[in-house]
Amino acid sequence: MDLNADLGEGFGRWTLTDDEALLQVVTSANVACGFHAGDPTTMRRVCEQAAERGVRIGAQVSYRDLAGFGRRAMDVPRAELADELLYQIGALEVFARQAGAAGVAYVKPHGALYNRAVRDVAQAGAVVDAVTGFARAFARELPVLGLPGSALLHAAAEAGLPTVAEAFADRAYTPEGTLVPRGEPGAVLHGEDAVVAQAVSIASGGEVVALDGTRVSVAAASLCLHGDTPGAAALAVRVRAALEAAGVAIGAFA
């Protein structure tokens, strides 16, 4: 099981994630590319730290929404959105290569864009257009991380891109297997024991208990550990230890 976390989610003097501590635990780093969080210096620093530890660098792309942390839904035309996403991936590619890494290893949308691309074919298509644009520029196809069964992964597969199904240790699920919207009660799991239990259930049993108590199948190759919650680094250590104790092999997705 791959473990990924959102990193570099600061801006200027403001910091949110404990990047150095989380990089001791995860196998993939979703690096903010400046549109919902992050700035050039932060991107460079996180890429250098990830490269030093052999952690893969992924581009976490977003709507242009620094004030709303990328969590506000926006109606951006497909072509314009694709350009903005490609811009973000390209910027991170430079910093990843400068750090000695092989470059950006995958793409994952952030926040409102991630959730919108679950069902919105046009917004999902914009993400795919950006990734295929990157492939034309660099002769390298990047895997796309997303929710199983989403319009995003369907569009990526149709375009011939590698896809990686992702699950969340600290988010509540609906009976349909989608994430409970953040604005609804119970959308985020706050108890550490609950987060650890859900992580183990996903990784070893392939299922989660939805908010209404039903059991939902979740087939995932990567597990997200959010870095912006209080005590995220310590919780990530607990999650990884519990997974390894349950016999789950930890490693980057193929």
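Just so it is clear, the values below take in all heavy atoms, side chains as well, and ignore hydrogens, waters and symmetry mates.
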Do E166 and N4 pair up side chain to side chain, a donor and an acceptor below 3.5 Å, judged on atom types alone?
yes
Does L147 offer a backbone N or O that forms a donor-acceptor pair with the side chain of Y114 under 3.5 Å?
yes
List, by chain and then residue number, the residues other than L211 in its hydrophobic cluster (Ile/Leu/Val/Met/Phe/Trp/Tyr, side-chain heavy atoms under 4.5 Å); write none if there are no others.
V180
Note, L152 side chain near V118 side chain (heavy atom, < 4.5 Å)
no
Flag the pair Y63 / R71 as yes when at least one side-chain heavy-atom distance between them is below 4.5 Å, and no otherwise.
no
Using the rule that two of Ile, Leu, Val, Met, Phe, Trp, Tyr join whenever any of their side-chain heavy atoms come within less than 4.5 Å, decide whether V25 and V31 are in one cluster.
no
How about L113 and L81: do any of their side-chain heavy atoms sit closer than 4.5 Å?
yes
Is there a path of hydrophobic side-chain contacts, each under 4.5 Å between heavy atoms, that joins V144 and F134?
yes
Mind checking the OG-CG spacing from S150 to L179? Nearest 0.5 Å is all I need.
10.5 Å
Return yes if some donor-acceptor pair links the side-chain N/O of D65 with the main-chain N/O of G70 below 3.5 Å, else return no.
yes
Do D212 and T214 pair up side chain to side chain, a donor and an acceptor below 3.5 Å, judged on atom types alone?
yes
So does N30 get a backbone contact from the side chain of D6, meaning a donor-acceptor N/O pair under 3.5 Å?
no
Can you give me the closest heavy-atom contact between A199 and L223, atom names plus distance?
CB-CD2, 3.7 Å
Is there a path from L225 to L243 through hydrophobic residues (I, L, V, M, F, W, Y) whose side chains come within less than 4.5 Å of each other?
yes
Looking at A165 and A219, what are the two nearest heavy atoms and their distance?
CB-O, 3.3 Å
Pair F95-E48, side-chain contact (heavy atoms from CB on, under 4.5 Å): steps then yes or no:
CA-CA 8 Å; F95 287 115; E48 289 173 351; over 6 Å; no
If you draw a 6.0 Å radius around CZ in F69, do more than 12 non-hydrogen atoms from other residues or ligands fall strictly inside?
yes
Would a hydrophobic clustering, with Ile, Leu, Val, Met, Phe, Trp and Tyr connected at side-chain separations under 4.5 Å, put V200 with V216?
yes
When rounded to the nearest 0.5 Å, the distance separating CD of E192 from CG of L235 is 5.0 Å
Side-chain donor/acceptor of R171 to backbone N/O of A187, under 3.5 Å:
yes
Is it true that E80 and R64 have a side-chain N and a carboxylate O under 4.0 angstrom from each other?
no
Check the pair L142 / V104 against side-chain contact (heavy atoms from CB on, under 4.5 Å), numbers first and verdict last.
CA-CA 8 Å; L142 301 178; V104 172; 3.9 Å; yes
Heavy-atom distance under 4.5 Å between the side chains of V61 and V107, does that happen here?
yes
Once you round to the nearest 0.5 Å, how far does CZ of R136 lie from CG of L86?
8.5 Å
Are D39 and T42 close enough that a side-chain donor and a side-chain acceptor fall under 3.5 Å?
yes
Could you tell me whether a side-chain N or O of T27 sits under 3.5 Å from a main-chain N or O of L3, the two making a donor and an acceptor?
yes
Candidate pair V248 and I250, rule side-chain contact (heavy atoms from CB on, under 4.5 Å), full reasoning
CA-CA 6 Å; V248 177; I250 305 299; 4.2 Å; yes
Could you pull out the closest heavy-atom pair between G8 and D19, with the gap in Å?
N-OD1, 3.0 Å
Determine the minimum heavy-atom distance between L23 and A50, stating which atoms define it.
CD1-N, 3.8 Å
For R238 and A234, indicate whether the former's side chain and the latter's backbone hold a donor-acceptor pair under 3.5 Å.
no
Side chains of E176 and T178: do they bring a donor and an acceptor to under 3.5 Å?
no
Working to the nearest 0.5 angstrom, can you tell me the gap between L145 CG and T163 OG1?
9.0 Å
Do the charged groups of R78 and D120 touch, with an N to O distance under 4.0 Å?
no
If you compare all heavy atoms of I57 against all heavy atoms of A96, which two are closest, and at what distance to 0.1 Å?
CD1-CB, 3.9 Å
Q198 vs V239, test: side-chain contact (heavy atoms from CB on, under 4.5 Å). Steps then yes/no.
CA-CA 9 Å; Q198 180 157 296; V239 168; over 6 Å; no
So, R140 and E93, do they make that salt bridge, N to O below 4.0 Å?
yes
Are side-chain heavy atoms of Q88 and Q60 found at a separation under 4.5 Å?
no
Side-chain heavy-atom pair C47, Q98 within 4.5 angstrom cut-off:
no
Mind listing the closest non-hydrogen atom pair of P175 and A210 along with its distance?
N-CB, 3.9 Å
Side chain to side chain, C224 and K108, heavy atoms closer than 4.5 Å
yes
R119, CZ atom: more than 12 neighbouring heavy atoms under 6.0 Å
no
Between H110 and F35, is the ring centre distance below 6.0 Å?
no
Counterpart residues, ring pair (Phe, Tyr, Trp, His ring centres under 6.0 Å), relative to Y106 (two or more places apart):
F253
Treating S201 as the side-chain partner and E207 as the backbone partner, does any N or O pair qualify as donor plus acceptor under 3.5 Å?
yes
In this structure, CZ of F11 is separated from OG1 of T41 (nearest 0.5 Å) by 10.0 Å
Point-to-point distance, once rounded to the nearest 0.5 Å, from CZ of R182 to CG of N115
8.5 Å
Going hydrophobic residue to hydrophobic residue with side-chain gaps under 4.5 angstrom, can you get from V164 over to I89?
no
Qualifying ring pair (Phe, Tyr, Trp, His ring centres under 6.0 Å) pairs, either residue in residues 204-247, two or more places apart
F168-H226
Test item: V55 and V26 side chains (from C-beta on) under 4.5 Å apart, heavy atoms
yes
